[in-house]
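Below you'll find the structure, written out as structure tokens, and then a few comments.
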Amino acid sequence: MKLLVVCLGNICRSPMGEGALRARIARSPLAGRVEVDSAGTAGWHRGKAPDPRAVACARRHGVDISGLRARQLQPADFLRFDHILCADPDNLEQARALAPPQARARAALLLPWAGVTSASAVPDPYYGGEADFEHSWTLLEAAAEAVVRRLSAAPDSGIIGP
Ligand code: 4NP
């Protein structure tokens, strides 16, 4: 199972989401069976490390995302990943516009797809402050928890069982 977390710049929400997911999966029975990556619909920050505020936020929660590097979402990602999980509706619209038609359904909104009900979008913290990064992290950590629950429960996920 391969999951791709997508936001706009790939320097705030999606690297935090990638970090939260990797950390949660690593201490679950899914460890070693799920690959996680992230990308941005825009290419402005290609090759750059996550925003220092995102790195600091993840670090406060025990997760090191400093080694991640930004990249832009590519049409080929829709063939490589099972699910393209978008932070907000704009990201979803941009991702779908790029998708090969037969793979368009692989794109979804992260929070509803995971089963989180407290919010449907992860708000962009880029123009905000530490509290906004913390709010995004809280949602992304809830998503990570819910993704593990969803994939562990799905009998047809190809992950657990015969
Ligand atoms: P992200 O946040 O989509 O969560 O990575 C942003 C990062 C950069 C910009 C906007 C949002 N920007 O305008 O450069």
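Because the structure is a prediction, the values reported are computed rather than measured. Residue numbers count from 1 along this sequence. Atoms within a ligand are numbered from 1 in the order they appear, just like the ligands themselves.
- Between W137 and H61, the ring-plane angle classifies as parallel under the 30° and 60° cut-offs.
- With ligand atoms numbered from 1 in the order given, ligand 1 contributes 5 (O), 7 (C), 8 (C) to contacts under 4.0 Å with heavy atoms of I11.
- Remark: R53 is positioned above the aromatic ring of Y126, its terminal NZ or CZ atom under 6.0 angstrom from the ring centre and at most 45 degrees off the axis.
- Linking Ile, Leu, Val, Met, Phe, Trp and Tyr residues whenever their side-chain heavy atoms come within less than 4.5 Å leaves L8 and V122 in two separate clusters.
- Closest approach of L110 to V147, counting heavy atoms only: CD1-CG2, 4.5 Å.
- Salt bridge status for R22 with D37: absent, with no side-chain N to carboxylate O gap under 4.0 Å.
- Residue-level proximity to ligand 1 for L8 is carried by backbone and side chain together, each with a heavy atom below 4.0 angstrom.
- When the options L73, V6, T41 are evaluated for a side-chain contact (heavy atoms from CB on, under 4.5 Å) with Q94, the one that passes is T41.
- Within the 4.0 Å heavy-atom criterion, the part of N10 lying near ligand 1 is the backbone and not the side chain.
- Set against the non-hydrogen atoms of Y127, the atoms of ligand 1 under 4.0 Å away are 13 (O).
- Of the protein's heavy atoms, D124 OD1, 3.2 Å lies nearest to atom 2 (O) of ligand 1.
- Remark: ligand 1 atoms within the under-4.0 Å shell around heavy atoms of Y126 are 2 (O), 6 (C), 7 (C), 8 (C), 9 (C), 10 (C), 11 (C), 12 (N), 13 (O), 14 (O).
- Of the protein's heavy atoms, H45 NE2, 2.8 Å lies nearest to atom 14 (O) of ligand 1.
- At least one N or O atom of G9, backbone or side chain, sits closer than 3.5 Å to an N or O atom of ligand 1.
- A salt bridge links E145 and R24; the closest N-O separation between the charged side-chain nitrogens and carboxylate oxygens is under 4.0 Å.
- The single protein non-hydrogen atom nearest to atom 1 (P) of ligand 1 is C7 SG, 3.5 Å, given as residue, atom name and distance.
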